[in-house]
Each structure stands twice: as structure tokens, then as C-alpha cells.
Amino acid sequence: MNLMQWFRFASPQSFYPLAGRMIPWFWALAAAFGLAGLYIGFFVAPTDAQQGEGYRIIFIHVPASWMSMFIYLVMAFWAGLGLALGTRLSAMMAQALAPTGALMAALSLWTGALWGKPMWGAWWVWDARLTSELILLFLYIGFIALQAAIDDPRRADKAGAILALVGVVNVPIIYFSVKWWNTLHQGSTINLTRAPSMAQTMLLGMLLMALAFWMYSIAAALTRARAIMLERERHTEWVKHAVD
Amino acid sequence: MNVFFASIRRDLLLALRRKSEVATSLFFFVIVVSLFPLGIGPEPVLLKKIAPGVLWVAALLATLLGLPRLFAADHQDGTLEQMALSPAPFGLLIAGKIAAHWLLCGLPLVLLAPLLGLQFALDASTLWVLMLALLLGTPLLSLIGAIGAALTLGVRGGGALLALLVLPLYIPALIFGAGAVEAQSAGLDAGGHFALLAALLALAVFFAPWATTAALKIALE
Amino acid sequence: MVAQPPVGQSRHATATPYIGHNDAMLTVSDLACARGEHRLFAGVSFSLAVGEWLHVQGENGAGKTTLLRTLVGLAPAETGTIRWRGAAVPAAEFHRELIYLGHHAAVKEELTPLENLHFAAALDGVPLTEPAALAALRRLGLRGREELPVRVLSAGQKRRVLLARLLTRPATLWVLDEAFNALDARAVELLGELIGEHLAAGGLAVLTSHQSLPLPGGRSLVL
């Protein structure tokens, strides 16, 4: 595919119908992977010797945490691309990804708390991972709030892009500083990385669930991106066409 | 480099002509710190334990208080436009403004902190470490905060939004800054914390003025 | 929307596009600008040579200010090119030769007129001597007010402090947005004089104004 073709799809006008055709496939894949993953997670995977049945929440928790971090990177990538090349579509993708990322971070925190109560006896502990996940949620909320507060969509795109890039530089710094802080305050810490040999089926279930979350995120982001395109380009001819 | 110092001089002179603004954030720092013993109780052992965290969180909030004003006045009266069009590098002028913000909102905190530390029963060597940690940490706060101030310039609900954007980015400074003081008062070596604070500061000196300048250009469009 | 021939000549000559001279310093071709999602104007082309000035006219909201801000490089152009001495704008070289005075007063209320001029020069990295600054302020009728805080001056006097920069900061291209606002009759006349001297000395100017200006070498652009 040469560069010109690439740029053709980078215009909302040609991307809109393409995304529309792709979305059902991603929903279908998300459902298929999700069903398979949940089946393995609930019925095939063995009961954990130490944690009992309660451990099964990690089939939601771990993929959600992975996606929350991965989506932030993808979002920053699109935002940076939009800032560098001025392509409208990239900025729209970044904007469309943010709520899904925030949802994943919130889901990860929520399931983490549900898991923590039976395992640790507390809804919340100041574990390094939980704390940095919380901060990641703050970063997502900051990005969404900044974009929402700026009326001019072009300024919102660019300002959001700078914030996302600053965030990307900071995420590893924050993660390691929190980790360091955590090791200094050993008292309340419980080590999460205990599980020595995870059963093959557990890993498979987790992988399938991660794929399901991935596909869901793409489908949700594309759906949202289509809505953003219509809203932003409502004055143009192609939108009037597309809506009719 | 002359324009850098001219930019600092200008902001210092302006602050001198409206002293109340600088004094406000300084008194805010003092009051917030003084509220903690009232809320927690006067036991010296407990106060000594919470002192690093309290002083650092108060310093974070006090620098935050001055941030919305960093660019707002210059933006409103058109001076920022003139700076962007100056033949001198815009980034250098903005770096001067950030430096002035630190001299006005950061340095006074460094100088005042030992006095407040005394109220929290910190010993002399810990007070020195507190000062040094703040000396390395507060410029970091000004630099990171300037990015947030530039991004929220002229935006609805700018002040609260600024806090939302900037406070999560302040966390590493808080951890290492308070960590240094805590290590010292526990009889450990604070050197590692200082090294990390200095590394973060070097990173911020390099990147923050650049990001701030980019954000300001967007705000001016 | 193409620059018309000099003001005072036939206003119906807009049909023939104005072709730039060979010795044009400032060349703008096919410029289009938008504010938010709203297209303000498109297809604006003009060029200016030494000693010429452009009078940008149009109704409120036609995009006069946006055109000027785009011209100096503060706002991005949607399409089109702006060239100064043949090089694309904004370049550092362009800013050295440019002075832009916008709607805003761009003076600090807490400082005196003299301090304002000195700091403006210092931030531009241009040397300015005390006598030169005083002479500029006096030429603009601010004698006796050099050391008062700008806060106590009237709106017109604040505007004059800003205009004093035209004298203290050497620049080839003056871009003035509604520079005649808030000025009294004497000051309007004075500013006309200053622009005239600037053009006579080989300068260029782009202005928006609702007044007609009896200056030679003028072109008109209606948005």
C-alpha cells in the first residue's frame, strides 16, 4: 500500500464506511473470544489450591489491567501522530480511545478490590500496582476533562495530545516511584506476584479473555470514533450523505 | 541568555508591584501545615512521623495555587502574543517565566519549611535534608505545573482542571521528596532520594519548557 | 477576494486578479482561514513591495483579525502560503523584521510607560537607550507621564504607550490591528504620520481600520 492510499483512509470521509464495515466483525470476535475465555475460566480451569474459587476474578482483572495500560500507549501514539502530521483522524481515534481506557482502569480497580477483600481481608491496600492503576485512571480522567473543557475541537486535540505525551513520559516514572515507595513501606504489602506455576488452562483462559477485551476495545473505540466524525464534520456534504 | 534574565526580572518586578499574590500562597502553605496538628493531635512522635508527608503535600498545593496566574495575565493583556512573536526564542522567555514562578512560589517555601519543621519536632539534621529536598523538588513542581498551566490557559474551569492534570504528575516528586526526609529522620541515608530527585529535575528542565511552549502556542491560536 | 488597485481608484476593478510585482517583499497566495469549524475566507492573495501598505477591510466577523494573526504566524492557515523575502513564514528572520500590535493593550498596568518600553525591548532582545525611549514617549504625547503607573492612564494613553513601540523597535513590516481605536483626533493624525514616515523609509504595513487613510502606496483588500 503506498503512502497516498494510506492518507486516503486517513480522511474521516473514507474511514467512516470502512469502520462501519469492520465494527460488526470486532464485536463478533469479542463475543467469541469472551465466551470461550469465560467457559475455560469458569468450567475448565482448576480450582486454585490457595485461593479457592475466588481467584477466578483474575480472568477479568488481569486483561482489564493490561488493556488499560496498552490503550494509554495506543492513545498517546494516535495523539502524537495527530499532533505531528495534523491528521484529523488520528486525533479522533485518541479521543475515542480515552473513555474505553478509563473504563478498563476502573474495571481493573473494581475487580481488584473484589479480589482483595477475600484474599487480603481489605478492599484496598496500598499495593504498588493498585496505586499506579489508580494514578493511570487519574491520567485518563485528566485527558478526558481537558478535551471536554476546550470548545474548539482542534485546540482540544492538540492540547490533549501534549497531555497524553507528557503522560506517557511520566507513566513509567510514576510506576517505578510508586514501586520504590512501596518497597520502602513494607509493612502492609502483600506480594501479588506469588503464583509460581500457573496452570496451562488458566493461562489460556486469561489469554482468550485478553483477546476478547482487545477486540471489544477496538469495536467500542471505532463506534465512538464514528460518532465523533459525524459530530465534528456535520457541516460537510459527506456527513449529510452518510446520515441519509 | 539575556532575554531569559530579562523575563525573570520582569516577572519579579511585576510581583513586587502586587505583593499580596505571593504572600497569599505562602500563608496558604503555613496554614495548611498548621492545620494537621490540630486535626491529628499534638503528640510529638506522631507529628514527627507525618511531618515529611504533610510538609510536602502542603508545598504541592501551595505551588499549585500560584500556577493559574503564571500565564493568565500575560495572555489576557496580549503580552504573551508579543513574546511568541519576539525575535528571541519563545522557549527561553517562557523558561524565564517558570524560573520567576519558582523564585516567587517555590524558594520561599524552601526557606520557610525549617520553621514549620520545628513545629513538628524535627531535629536539625532532618531540617537540612528537608530544605535540600525542597530545593531540588520545588523547581520540578514549577516546571511540571507550567505545562498544566499552559494547557488550561483560558479554558473553562481552568483552576480545578489544572489540579486534576498536574497533581498526578507531582506524585514522583512527592514520593522521593518526602522519602528523603523520612529516611533521614529514620536514621537512613537520603542520598538515593536526592539522586532520583535531581535526575527528575534534569529531565524536567530539558522537556518541560518545550512542552509548555508547544501548549502555549496552541492556546494562542 | 483579491487585493484591489490603490485606494481611490476604481473600486470595480476587482475582476482582474492582482499579480504581485517581482520585487515583492511579502507575498500571500491563496490563503484560507477558519475559526473553529467555521470557514472565514478563502482564496486571499496579495503582495506588497517596499513602501506599500495594505488596508484590510470587511464587516465585523469577516476575519480581519484572523488574517493578520495568520500573517504574523500566530494562527495556522488552512491552505495557502505566506512568504517574506521569498522564505516561508514564520521564520526567526521574519520575527526580527516584524512588529505586530493587536487588539490587546499589551502593556503592564503595574509598570510605568518607560518600564513597559524597556521590558518590551529586553524581551525582544533589542537594545534600547533611555533617551530613545523618552523621545518615543514624548513624540506620542506622553510627556510628564513617563514615570506614572500605566494603571492611572486613560485607554487612549495606554494605546499610545503601545504605539511608542513602533518608534523604539526597528522593523520593516508593521502589522497593526485596529490601531486607530480609542485614539483621539490628534493621535489618529500622529499615527498616520508615523505610518507615512515608515513607508517613506522603505517599510511595509498591513492595517485593519474602519477609517480611510490618506497615505500613498495603499492597496485595499476586502474580506
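We name chains A, B, ... by the order of the sequence lines, and we start the count at 1 in each one.
- In this structure, the separation between CG on C:L98 and CG on B:L85 is 6.0 Å, given to the nearest 0.5 Å.
- Sequence neighbours left out, the pairs with a member in residues 138-157 of chain B that pass salt bridge (charged side-chain N to carboxylate O under 4.0 Å, His left out) are A:D151-B:R156.
- The line from CZ of B:F4 to CG of C:L123 is 12.5 Å long, rounded to the nearest 0.5 Å.
- For residues 54-63 of chain B, an interface with chain C (any heavy-atom pair closer than 4.5 Å) does not exist.
- Listed by first then second residue, pairs satisfying salt bridge (charged side-chain N to carboxylate O under 4.0 Å, His left out) with a partner in residues 130-140 of chain B number zero, not counting sequence neighbours.
- The part of B:L93 that comes within reach of chain C is its side chain, from C-beta onward, which places non-hydrogen atoms under 4.5 angstrom from that chain.
- Interface remark: C:I99 contributes no atoms to any contact with chain B (heavy atom separation under 4.5 Å).
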Can you list the donor-acceptor atom pairs spanning chain B and chain C that come in under 3.5 angstrom?
from	atom 1	to	atom 2	distance (Å)
B:R17	NH1	C:E110	O	2.9
B:R17	NH1	C:E115	OE1	3.0
B:R17	NH2	C:E115	OE2	2.9
B:R18	NH1	C:E110	OE2	2.6
B:D74	OD1	C:K108	NZ	2.5
B:Q76	O	C:H104	ND1	3.2
B:D77	O	C:A106	N	2.6
B:D77	OD2	C:K108	NZ	2.8
B:E81	OE2	C:R69	NH1	2.4
B:Q82	OE1	C:R165	NH1	3.0
B:Q82	NE2	C:Y100	O	2.6
B:S86	OG	C:L123	O	2.9
B:S86	OG	C:D124	OD1	3.4
B:L220	O	C:R69	NH2	2.1

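- Looking at C:V126, neither its backbone nor its side chain comes within 4.5 Å of chain B, counting heavy atoms on both sides.
- Heavy-atom pairs under 4.5 Å with chain C peak, among B:G96, B:G78, B:P87, B:A84, at B:P87.
- C:L74 approaches B:L220 most closely through the heavy-atom pair CD2-CD1, 4.3 Å.
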